[in-house]
Engineer: 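Pasting a structure here, questions to come.
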Amino acid sequence: ETAPPVSAALAGKVIAISAGGTREPLDPVRFLGNRSSGRQGIALAKAALAAGASVRFIAAHMDLPAPAGVELSTASTAEQLHVAVTRAARGADVLIMSAAVADFRPAEYLGAKIKKSDDRADPVITLVRNPDILATLIAERAAEGPAGGLAPLVVGFAAETGDAESSVLEYGAAKLARKGCEMLVVNEVGENLTFGTDENTVTILFADGTEAVHAAGSKDQVAASVIDAVAVALETDAG
Ligand code: CTP
Ligand code: CA
């Protein structure tokens, strides 16, 4: 049974959320993947449902099951996720890209398992670039105009570390501009900030100049802050 919404901030809204991480196959038994668990995406879906939204959830290799009450689709590779996300974003009010998408995939897929044999040199894996799902969708949306129905509010996620050159937020602001999305949730990662735990420090950046929102805590707390920011942005647009 699905829990009833606890607020109506997103009543009548359709929110597409991608979660987890893609896998790029090398041969029938091996892949290039990443450690994304899907937990942040699950927390976002629960927060969106609690705010009264309908949720289209696109899952890529999550450690946990998708939450009850979502309209679920699945994808394995970045190319499959691209198709599924574009489909889900059509007619949606919001797209939140929390999935970790492999930037590259093996240039060729070998239909038979790669063997180690003494008479052959060690293999070299050549990679090619995957499509940038967010950037492509935003370019398509601009080309089609509002009649195309691609989500008018697109939220990206980025894990960043600062370095000698730029701060985390400078990198985040540059990525927001490069991607062209309306909001970017910048997760500060680094040596003394533990990766894979349930504690996060995020800053939500807005393309329209709205002042940045800071949030810290569990993935549930971060999700609540992101969904609040989405509700405010939708309200501002309507008003
Ligand atoms: N993303 C995407 N398609 C890709 C890669 C990333 O849609 N091929 C999305 C992610 O889901 C995320 C956002 O873009 O919402 C930022 O991802 P990130 O990996 O931080 O950005 P990149 O542009 O890939 O830059 P980087 O070189 O820092 O990895
Ligand atoms: Ca990337």
Side-chain angles (χ1 to χ4, degrees), residues 15-23 33-48 50-51 55 57-64 66-67 78 81 85 94-104 130 132-135 137-138 151 153-208 210-233:
I15 313 235
I17 300 172
S18 71
T22 61
R23 289 182 183 176
N34 61 70
R35 294 187 197 281
S36 180
S37 65
R39 280 190 175 79
Q40 186 64 75
I42 290 171
L44 287 162
K46 287 182 172 167
V55 176
F57 195 76
I58 311 106
H61 300 287
M62 306 198 308
D63 291 350
L64 298 162
L81 187 67
V85 161
V94 185
L95 167 66
I96 306 179
M97 276 297 290
S98 74
V101 186
D103 291 327
F104 302 97
N130 269 327
D132 187 319
I133 299 172
L134 259 189
L137 189 131
I138 282 161
L153 175 53
V154 174
V155 184
F157 266 74
E160 299 285 347
T161 55
D163 58 26
E165 233 113 280
S166 300
S167 70
V168 170
L169 291 188
E170 284 167 340
Y171 280 123
K175 188 167 284 181
L176 174 66
R178 192 166 70 237
K179 295 276 187 180
C181 48
E182 282 65 44
M183 286 169 54
L184 186 71
V185 183
V186 182
N187 198 347
E188 199 174 330
V189 293
E191 278 171 27
N192 44 4
L193 297 158
T194 28
F195 199 55
T197 68
D198 206 38
E199 285 302 307
N200 301 266
T201 312
V202 307
T203 303
I204 308 171
L205 301 176
F206 300 86
D208 71 356
T210 300
E211 202 180 326
V213 171
H214 298 278
S218 68
K219 290 196 160 82
D220 285 341
Q221 286 167 313
V222 166
S225 301
V226 173
I227 294 301
D228 274 354
V230 162
V232 170

Engineer: If you round to the nearest 0.5 Å, how far is CD of Glu170 from CG of Asp163?
Structural biologist: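 Reported to 0.5 Å precision, the distance equals 9.5 Å.
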Engineer: Could you report the tightest heavy-atom contact between Val101 and Ala78, atom names first, then the distance?
Structural biologist: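 Residues Val101 and Ala78, closest heavy atoms: CG1-CB, 3.6 Å.
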Engineer: Might you point out which heavy atoms bring Asn34 and Gly21 nearest each other, and give the distance in Å?
Structural biologist: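 Result for this residue pair: OD1-CA, 3.6 Å.
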Engineer: Give the minimum heavy-atom separation between Ile204 and Ser225, together with the two atoms involved.
Structural biologist: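 Result for this residue pair: CD1-O, 3.9 Å.
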Engineer: What's the spacing between Ile138 CD1 and Leu95 CG if we round to 0.5 Å?
Structural biologist: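 Atom-to-atom, Ile138:CD1 and Leu95:CG are 8.0 Å apart.
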Engineer: Side chains of Val213 and Phe206: closer than 4.5 Å at any heavy-atom pair?
Structural biologist: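 Val213 vs Phe206: side chains touch.
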Engineer: What is the distance from atom OG1 of Thr201 to atom NE2 of His214, rounded to the nearest 0.5 Å?
Structural biologist: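 So the OG1 of Thr201 and the NE2 of His214 are separated by 11.0 Å.
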Engineer: Just verifying a value: how many Å separate Phe57 CZ and Leu44 CG, rounded to the nearest 0.5 Å?
Structural biologist: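 So the gap between those two atoms works out to 8.5 Å.
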Engineer: Main chain of Ser37, side chain of Asp63: is a donor-acceptor contact present, judged purely on distance under 3.5 Å?
Structural biologist: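 A pair under 3.5 Å: no.
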Engineer: Is there a side-chain contact between Leu184 and Lys175 (heavy atoms, below 4.5 Å)?
Structural biologist: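 Of all side-chain heavy-atom pairs linking Lys175 with Leu184, at least one is under 4.5 Å.
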Engineer: CG/Asn187 to OG/Ser98 distance, rounded to the nearest 0.5 angstrom?
Structural biologist: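 That separation rounds to 11.5 Å.
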Engineer: What pair of heavy atoms forms the shortest contact from Ala102 to Thr22, and how long is it?
Structural biologist: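 What the structure gives for the nearest pair is N-OG1, 2.9 Å.
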Engineer: Return the minimal non-hydrogen interatomic distance between Thr203 and Ala212, and the atom names on each side.
Structural biologist: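 Here Thr203 and Ala212 meet closest at CG2-CB, 3.9 Å.
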Engineer: Could you state the interatomic distance from CG (Asn200) to CZ (Arg39), rounded to the nearest 0.5 Å?
Structural biologist: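 Atom-to-atom, Asn200:CG and Arg39:CZ are 11.5 Å apart.
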Engineer: Give me the one residue out of Val230, Asp208, Thr210 that meets side-chain contact (heavy atoms from CB on, under 4.5 Å) with Met183.
Structural biologist: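 Between Met183 and the candidates, side-chain contact (heavy atoms from CB on, under 4.5 Å) is satisfied uniquely by Val230.
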Engineer: Nearest heavy-atom pair of Val154 and Cys181: which atoms, and what distance?
Structural biologist: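 Heavy atoms only, the tightest pair is O-CB, 3.4 Å.
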Engineer: Thinking salt bridges, do Asp220 and Lys46 make one under a 4.0 Å N-O criterion?
Structural biologist: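 No, this pair does not count.
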Engineer: Using modelled atom types and a 3.5 Å cut-off, is there a donor and acceptor pairing between side-chain atoms of Glu160 and backbone atoms of Val168?
Structural biologist: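 The answer is no, because no donor-acceptor pair under 3.5 Å joins these two groups.
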